[in-house]
Amino acid sequence: MRRGSGRAAPSPGAIEVLDEAFHLLRTAPAGVLLSFYAGSVPFVLGFLFFWMDMGRSALARRHVAEDALLLAVLYVWMKSWQAVCARALRRRLAGRPEPLPPSGWARHLLTQAALQPTSLFVLPFAGFILLPYGWAYAFYQSLAVTGDSAAARRHAALWPRQNHAILLILFLLGYFVFLNVSAAIFMTPFLLRTLFGIETAFSRSPAALFNTTFFLIAWGLTYLAVGPVAKAAYAVRCFHGDSLTTGEDLRSDLRSVSKAPRRAAAIILLLLALDAGGFASGWSVAGTVPAAPSRNLPADEIDRAIRQVIRRREFDWRRPEAPLPDEKKGILARFFDDVADTTLTALKSFFGWIADLMERLVRLAGRRARPDGRTGEGMGWLTSVQGLLAILLAAVACAAALFFWRSRRRAASPDVTIAEAVPAIPDVSVDDGSAADVPAERWIDLARELSRQGDLRAAVRALYLACLSLLAARGLLTLARFKSNRDYQAELRRRGRGGPDLGAPFADSVTQFERVWYGRHEATVETVRIVTANLQRMQAHAQE
């Protein structure tokens with residue numbers, strides 16, 4: 001942890017905390033991340049199933065209580081395993097591998113089960129007010145690490161600027177991960193079609209992807225990707241917060257030193273080198289044998305030897321941390337400074353490459369022999385470079401002239417062939433809400449073709465879609481995926497009130513279609529004839 005002069009409680013930067021969190025996740029055993037995903041994956045899958053079941057199942061009200069109870073159990077399960085993960089990360093930072101006793105684990109998990117569910121109400125309310133959200137989020141994350149509400153409140157109130165900076169960075173990280181995950185899901189059907197020839201409903205109709213299920217799946221994958229980073233960041237934050245009063249970071253450093261015999265040997269060698277007038281007086285501190293051994297070495301030689309030794313890589317840990325050049329600059333200012341430095345470096349490299357190229361051209365032109373037999377010196381290179389530039393400018397001028405000539409010729413050409421779209425063969429497997437995209441006449445032609453082929457069941461569906469397309473074209477129905485046939489009949493009665501009677505033939509067609517398509521009745525020629533007659537009656541009434 002960085003020590004600041006004149007400040008009792010120095011605050012580690014948000015970038016430093018996140019960098020330490022990523023390093024902690026990279027070096028953590030696989031079991032730590034496995035404990036996080038063992039709790040989070042079942043809850044995310046359960047929530048997606050609950051959402052789709054409640055939104056699409058007609059019998060959802062019958063088992064909503066059981067599903068909600070199961071989802072609540074999965075939530076407590078997730079928070080308990082996340083507490084195990086955060087506790088393991090915290091112990092790894094402190095360098096204490098000994099686990100908690102069973103009574104400690106029981107108290108820790110009971111605290112999570114009692115307090116973590118309140119975040120479902122507190123965090124949305126705090127996010128709506130916006131001001132206390134950072135403290136509320138830090139409290140629940142710190143509660144997963146410490147298992148003590150008092151300690152979690154203390155950590156949540158510590159270093160608010162750092163806490164809000166961490167939240168902002170995590171939000172930006174989650175935002176870009178969400179965009180990448182959404183793009184990957186959106187491109188998957190098209191990749192399957194392009195690479196393997198697998199045609200899906202989403203590749204035929206990309207707009208069908210943009211629904212609540214799509215966004216929830218992208219949100220779930222984003223949570224699984226960013227969640228461990230948030231746990232590790234607040235584990236690091238709690239570790240630094242506890243170190244203010246317990247000195248735990250110093251004890252952790254001492255444990256790491258005791259586990260590194262090479263560093264201990266380096267300390268001993270350094271102490272022996274400093275004691276140059278002792279029992280090793282015949283050797284210099286730099287580790288080389290001097291030409292004339294002496295017990296009294298000059299002070300400047302000893303200082304130079306010490307500086308050479310401590311510059312070695314194994315003694316970096318003893319160096320004081322260099323002060324930051326711009327401590328008063330914020331995160332955004334440092335970010336833009338880094339961008340400017342990177343841009344300037346790239347431009348310098350580019351112009352350096354151009355200078356090297358010109359220098360090579362000059363060197364190549366200077367080697368050209370003169371008529372009198374001497375090598376070309378003086379202005380010979382200038383003629384060569386000017387000739388090369390003249391050739392390049394002539395090529396660019398010819399290309400520009402050709403481009404403008406073809407553009408004027410294309411604009412003046414009267415013979416323009418307009419491509420006409422070939423009507424695609426409609427598909428009876430499309431959703432009912434897309435039936436209005438195809439005219440009713442096309443559905444009728446398709447039904448006749450299917451009847452000639454012997455597929456009477458598909459012909460009945462094509463006629464049913466023709467009915468929907470006809471009524472939608474007349475403005476009597478608004479087709480939507482979530483509407484049922486009963487909704488269509490009620491809407492037709494409401495909008496067609498006072499006009500021709502279209503409800504009876506449409507209701508008869510719906511009955512014939514549902515018996516064939518959803519029931520066990522076999523489609524016959526008589527069924528096709530009845531639905532066709534109903535459609536003709538509806539066309540006649542619609543024209544009236």
Stepwise side chain to side chain donor-acceptor pair (under 3.5 Å) check, N485 with Y518: CA-CA 12 Å; N485 288 329; Y518 299 111; 5.7 Å; no
Heavy atoms of other groups near W219 CH2, more than 12 under 6.0 Å: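 Count over threshold, so yes.
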Could you tell me the separation between the [atom1] atom of [X] and the [atom2] atom of [Y], rounded to the nearest 0.5 Å?
{"X": "F506", "Y": "L476", "atom1": "CZ", "atom2": "CG", "value": "10.5 Å"}
{"X": "L110", "Y": "L115", "atom1": "CG", "atom2": "CG", "value": "10.5 Å"}
{"X": "L463", "Y": "L456", "atom1": "CG", "atom2": "CG", "value": "10.5 Å"}
{"X": "L195", "Y": "L192", "atom1": "CG", "atom2": "CG", "value": "7.5 Å"}
{"X": "N534", "Y": "T511", "atom1": "CG", "atom2": "OG1", "value": "9.5 Å"}
{"X": "L89", "Y": "F36", "atom1": "CG", "atom2": "CZ", "value": "10.5 Å"}

Can you tell if the side chain of [X] reaches within under 4.5 Å of the side chain of [Y], non-hydrogen atoms only?
{"X": "R461", "Y": "V516", "result": "no"}
{"X": "V32", "Y": "P29", "result": "yes"}
{"X": "Y37", "Y": "P228", "result": "yes"}
{"X": "V145", "Y": "Q141", "result": "no"}
{"X": "L535", "Y": "I444", "result": "yes"}
{"X": "C467", "Y": "M538", "result": "yes"}

W159 six-ring face occupied by R237 cation (under 6.0 Å, within 45°):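 No, R237 and W159 do not form such a contact.
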Please find the pair of heavy atoms, one from [X] and one from [Y], that lie closest to each other, and give the distance.
{"X": "Y75", "Y": "S119", "result": "OH-OG, 2.9 Å"}
{"X": "R92", "Y": "T27", "result": "NH2-O, 2.8 Å"}
{"X": "K231", "Y": "A144", "result": "NZ-CB, 4.2 Å"}
{"X": "L93", "Y": "A235", "result": "CD1-O, 3.7 Å"}
{"X": "D67", "Y": "M54", "result": "OD2-CE, 3.6 Å"}
{"X": "S35", "Y": "W81", "result": "O-CB, 3.2 Å"}

[X] side chain to [Y] backbone, donor-acceptor under 3.5 Å:
{"X": "Q112", "Y": "L143", "result": "yes"}
{"X": "S469", "Y": "V438", "result": "yes"}
{"X": "H164", "Y": "P160", "result": "yes"}
{"X": "K483", "Y": "T478", "result": "yes"}
{"X": "Q116", "Y": "Y140", "result": "yes"}

Check: T524/T527 side-chain N/O donor and acceptor closer than 3.5 Å: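 Judged by distance alone, the side chains do pair up.
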Residue pair Q512 / H521, side-chain donor-acceptor N/O under 3.5 Å: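 No donor-acceptor contact under 3.5 Å links the two side chains.
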Residues L477, L468; criterion side-chain contact (heavy atoms from CB on, under 4.5 Å); working and verdict: CA-CA 8 Å; L477 288 183; L468 294 180; 4.1 Å; yes
From CA spacing to verdict: side chain to side chain donor-acceptor pair (under 3.5 Å), T212, W51: CA-CA 9 Å; T212 55; W51 182 273; 3.2 Å; yes
Centroid-centroid under 6.0 Å between F125 and F121 rings: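 Aromatic pair excluded; centres sit 6.0 Å or further apart.
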R457 with E522: basic N within carboxylate O range, under 4.0 Å: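 Salt bridge: no.
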Identified side-chain hydrogen bond (donor to acceptor under 3.5 Å, both in side chains) partner of N163 from the options Y137, W135, Y234: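 Answer to the side-chain hydrogen bond (donor to acceptor under 3.5 Å, both in side chains) test with N163 among Y137, W135, Y234: Y234.
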With a 3.5 Å cut-off and sequence neighbours excluded, list the donor-acceptor pairs that the side chains of residues 166-189 form with protein atoms.
residue: N180; atom: ND2; partner: F176; partner atom: O; Å: 2.6
residue: S182; atom: OG; partner: F178; partner atom: O; Å: 2.8
residue: T188; atom: OG1; partner: A184; partner atom: O; Å: 2.7

